Each structure stands twice: as C-alpha cells, then as structure tokens.
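The structure appears right after this line, and notes come after that.
Heads up: numbering here begins at 1 and tracks the sequence. Everything numeric here is computed off the predicted structure, so don't read it as measured data.
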Amino acid sequence: MADITLKGVDKSYDGKLFVVKNFNLEIKDKEFVVFVGPSGCGKSTTLRMIAGLEDITNGEIFIGNRRVNGVAPKDRNIAMVFQNYALYPHMSVRKNMEFSLRLRKMPKNVIREKVKKAAEILGIEDYLDRKPRDLSGGQRQRVALGRAMVRDADVFLLDEPLSNLDAKLRTRMRTEISRLHDILNKTFLYVTHDQAEAMTMGDRIVVMRNGYIQQVDAPQKLYDEPVSVFVASFIGSPQMNFFDAVLLKKGDRYFIQIDDFTFFIPSSKLKFCNFEEYVNKEVLLGIRPEEIGTDNALLNSSRSTSFETRAEFVELMGCEIYIYFRYKGQNMTARVPNRVNVKKGDMLRLFLNLDKVHIFDKKTEKALCH
C-alpha cells in the first residue's frame, strides 16, 4: 500500500516565515494527484518534504502505515523525477538507468531485465548506448522516467518534469506520463504551475496559494465549483470574468444587479448560501468566457442578459475565437466558435448565460453559489 497522509505539516526556514502551513491531505494508493499553484506557493517544497529532501518543521508524514519523519530518502521507497532531469552526463542512458540498482547490488541479469522492460515501455531502446548530450529534451525526460521506473518504488514524485520542453512536446509527454501511471499502477504525485497539465492528468488536484491548500477536488468539480475567487481565476484558460454587482431582495426572491441590468437568482442556487446576510451588499459575479457569446441561441441558456461593447482584440485559436473587451473598466474575455464573424474594433452585443454564473463574497472572496 502506498497511500500518503500529511497531518498538520508546516515548513519554515527561519522559524518565522512559513512556506507551507497546516498542510493536511490524504492521498489514496495508486492515485494520481497534482499539486498546482503559482510560483512560490509551496508545492515543490511539499513534494520534497514527502521525498525526505526537506525536513518538516511541524506535523507528520505517513507513507502507507509508516511514519517517515526523519526517515532518509533512500529508505522511503520513493522515486523522484526532477525538472532538470538530473542525469549523469558521463554515463550512457543504460548506465544512468542501472545506477541505483547497481548501488543496491542487484544481480546483473535482474538489472538488465528491468532496464530492458522500462526502455521498451518508454520507447528508448535505441538510445541505451547514447550519452544524455546526444538526446533531445523529450528523450532525456524519458530516460529520467525510466531511471525512476526500474526502482520499483511505491510512490513516484514528479517535480515540474515537463517545464523545459516546448508546447507540442509537453502535450505528448502529458499523455505518456498518464499512460505510464496506468501501466505501473503506482501512486503518482505531480507538481506543476500549468493548470492545463493539472486538469488533463490528475485524478485530483490540490490548488495551493501562499503555502496553504485552497481546494482539493477532481478536475471537473474544481472547474465547475471553485471555492474562491483565486481558484476560479487560476483554473481555466482564459480565466473567469468578474463583474462588480449588488445583491438585492424583492419579496421572497433574490436578485443580482450589475449597473443597468438585474436578474433573479434561481432557487436551485439558494441552497448553497444564506443570501439574507448579503442583501444590499456588494458581491462579485463570475462567469466563464465560454458562457459569454455573440448569439444567445449558441449559449444553450434558458436565461440570459446582454450588453454592448467593443472588441479590443480578437484572437483566432483554430476552432474558436477569443474576444477581448472591456466592461466598466475591467478587461474581460469571451470564447466563441470560429464561425463568428468579428474583427478588432467591432461593436457587438454579448450575451451572458445566467444559468452558469458564480457568486462570491467580495470581502472574503469565498464562493457563495455556483
């Protein structure tokens, strides 16, 4: 069993400033969990504490039923893949992959078989006698993965392994790493600042900010039900649009007012929050770019409202178009099909899908409803 548990884990280098604070998380055996967040949020530090490469300041870490505080990295039965590959430049690919097994004095025939099997899975059989300098970035990353694979570790820790690759190769390697997880049937922890990687690879995603966990959820739930403005804006590309609004009440119904248009909040959303305490107060209204369109029929919405604006910039993305515009001084984005005929500078009427809005407390930035 390779489930991982972190209980109240803190990390501070000076005893004052905490880079990870009160981190509590349970990771199931064979799960693929992704840590995502902006630079400096503590995600790599957390991974290194699990690996034993960083001491923890407070708290406990368990791998399986074993408490590993103070246990050396080599005794945790983990394998780590780094951003910079960390290959020995003077050794061939074969010797790089064999190195940890030779240190453990495994029989030569066992080492040979393990390297052969890993090379076949990763498609690097033809590179075994080459040096790392003779390989491309993608090939080096496969070698780093292969070196981790041969160890038969219970847990694989991957720290931004694709950040040095170009966009096309990153996309392909995402697929290969996901396939590798299925083949090996092991626990994977993966760190990235790229939310697209997180959304496409993880069984669950841990969103971090300033050393704290913001939300832990499956990718689709994270996208559909963000718990805060930060998560809503960080997950999704282009990011969610936000409107300043006021919450009103007329009779027994609640309404959202944005400048000169008002709409009621459907009863299905009222179960998420006691809106009474927000009456006549400012809130934030969030809506994804794909829920703003130039044709109300395309939104598949039972309720909508519209406004006029000017297209500040139009970006063709192949099958879709991003329309960048300003509303009440705020930069916003609509995501529409590429058949929409719009050019930079055009005046256009945009429709909001009111069935898909999110409402946030303006002060705490916590979600009130989805």
Side-chain angles (χ1 to χ4, degrees), residues 1-4 27 29-30 32 44-56 61-164 173 176-177 179-181 183-191:
M1 293 287 288
D3 49 317
I4 299 169
I27 299 165
D29 183 37
K30 301 178 177 61
F32 196 131
S44 290
T45 301
T46 303
L47 199 76
R48 291 174 66 83
M49 287 191 289
I50 295 170
L53 300 175
E54 295 271 5
D55 294 329
I56 69 172
I61 298 177
F62 294 84
I63 298 178
N65 296 320
R66 183 188 182 200
R67 185 176 182 271
V68 295
N69 292 37
V71 175
K74 65 182 181 64
D75 298 322
R76 297 191 183 199
N77 201 23
I78 55 97
M80 193 155 183
V81 179
F82 297 92
Q83 177 181 351
N84 62 358
Y85 318 132
L87 301 175
Y88 296 109
H90 62 287
M91 292 184 182
S92 67
V93 167
R94 188 190 309 277
K95 288 183 178 179
N96 264 283
M97 293 174 67
E98 291 176 346
F99 187 73
S100 64
L101 305 182
R102 290 183 181 277
L103 287 180
R104 291 156 67 182
K105 302 188 184 305
M106 280 192 175
K108 289 183 179 180
N109 62 318
V110 174
I111 293 174
R112 188 164 51 249
E113 186 58 34
K114 284 180 176 290
V115 170
K116 180 175 180 292
K117 183 178 178 181
E120 287 174 352
I121 291 172
L122 293 166
I124 55 174
E125 311 100 297
D126 295 338
Y127 312 137
L128 288 175
D129 295 318
R130 296 187 189 180
K131 297 286 178 64
R133 64 173 177 271
D134 300 322
L135 305 179
S136 68
Q139 291 164 349
R140 291 179 194 176
Q141 193 54 270
R142 288 190 186 93
V143 175
L145 288 167
R147 187 178 56 186
M149 284 173 58
V150 298
R151 296 188 55 191
D152 287 335
D154 292 326
V155 179
F156 285 74
L157 308 178
L158 299 94
D159 189 6
E160 303 213 38
L162 308 184
S163 59
N164 290 334
M173 288 299 295
E176 292 192 12
I177 290 174
R179 181 178 65 88
L180 189 60
H181 173 252
I183 292 171
L184 298 179
N185 204 22
K186 303 284 188 178
T187 306
F188 273 45
L189 273 64
Y190 188 103
V191 162

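The distance from atom CZ of Arg140 to atom CZ of Arg130, rounded to the nearest 0.5 Å, is 12.0 Å. Here His90 contributes atom NE2 and Arg133 contributes atom CZ; the two are 11.5 Å apart, rounded to the nearest 0.5 Å. In this structure, CG on Asn96 lies 5.0 Å from CG on Leu87, to the nearest 0.5 angstrom. Residue Arg76 holds its CZ atom at 9.0 Å from CD1 of Ile50, rounded to the nearest 0.5 Å. Distance CG/Leu184 to NZ/Lys30: 11.5 Å, rounded to 0.5 Å. Rounded to the nearest 0.5 Å, atoms CD (Glu54) and OG1 (Thr46) are 10.0 Å apart.
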Trace of the side-chain contact (heavy atoms from CB on, under 4.5 Å) decision for Glu98 with Met91: CA-CA 10 Å; Glu98 291 176 346; Met91 292 184 182; over 6 Å; no
Applying side-chain contact (heavy atoms from CB on, under 4.5 Å) to Glu176 and Leu162, what does each step give before you reach the verdict? CA-CA 11 Å; Glu176 292 192 12; Leu162 308 184; over 6 Å; no
Go through the steps to decide whether Tyr127 and Leu122 satisfy the test side-chain contact (heavy atoms from CB on, under 4.5 Å), and finish with yes or no. CA-CA 11 Å; Tyr127 312 137; Leu122 293 166; over 6 Å; no
Begin from the C-alpha positions of Arg147 and Val81 and carry the test side-chain contact (heavy atoms from CB on, under 4.5 Å) through to its verdict. CA-CA 9 Å; Arg147 187 178 56 186; Val81 179; over 6 Å; no
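Among Asn185, Thr187, Ile4, the single residue meeting the side chain to side chain contact (heavy atoms under 4.5 Å, CB included) criterion with Asp29 is Thr187.
Using a 4.5 Å heavy-atom cutoff, the side chains of Met149 and Leu180 are in contact. When side chains are defined from C-beta on, Leu128 counts as touching Met97, because their heavy atoms get closer than 4.5 Å. Counting heavy atoms from C-beta on, the side chains of Phe156 and Leu145 never come closer than 4.5 Å. Taking the side chain as every heavy atom from C-beta outward, Leu135 and Arg142 never approach each other to under 4.5 Å. Counting only heavy atoms from C-beta outward, the side chains of Gln139 and Val93 never approach each other to under 4.5 Å. For the pair Asn77 and Ile63, the minimum side-chain heavy-atom distance is 4.5 Å or more. Leu157 is not listed as a side-chain neighbour of Arg48, based on a closest heavy-atom distance of 4.5 Å or more. Between Pro132 and Val143, every side-chain heavy-atom pair lies at or beyond the 4.5 Å cut-off.
Between Leu189 and Val155, the shortest heavy-atom contact is CD1-CG1, 4.5 Å. What you find for Gly52 and Pro73 is that their closest heavy atoms are O-CG, 3.4 Å. The minimum heavy-atom distance between Val191 and Ser44, with the atom names listed, is CG1-OG, 3.6 Å. Across all non-hydrogen atoms, the minimal contact from Gly146 to Ala118 is O-CB, 4.3 Å. The two residues Met173 and Gln141 make their nearest non-hydrogen contact at CE-CG, 4.0 Å. Looking at every heavy atom in both residues, Met106 comes nearest to Ile111 through O-CD1, 3.5 Å.
Open room surrounds NZ on Lys95; 12 or fewer heavy atoms of other groups in view lie less than 6.0 Å from it. More than 12 heavy atoms of other residues, nucleotides or ligands lie within 6.0 Å of CG in Asn69, so this atom counts as buried by the packing criterion.
Using a cut-off of 4.0 Å between Lys/Arg side-chain N and Asp/Glu carboxylate O, Lys114 and Asp152 are scored as salt-bridged. Using a cutoff of 4.0 Å between basic side-chain nitrogens and carboxylate oxygens, Lys117 and Glu113 are not scored as salt-bridged.
Taking the six-membered ring for Trp and thresholds of 30 and 60 degrees, Phe32 and His181 have ring planes more than 60 degrees apart, a perpendicular arrangement.
Contacts of Tyr88 classified as ring pair (Phe, Tyr, Trp, His ring centres under 6.0 Å), with partners at least two apart in sequence or in another chain: Phe99.
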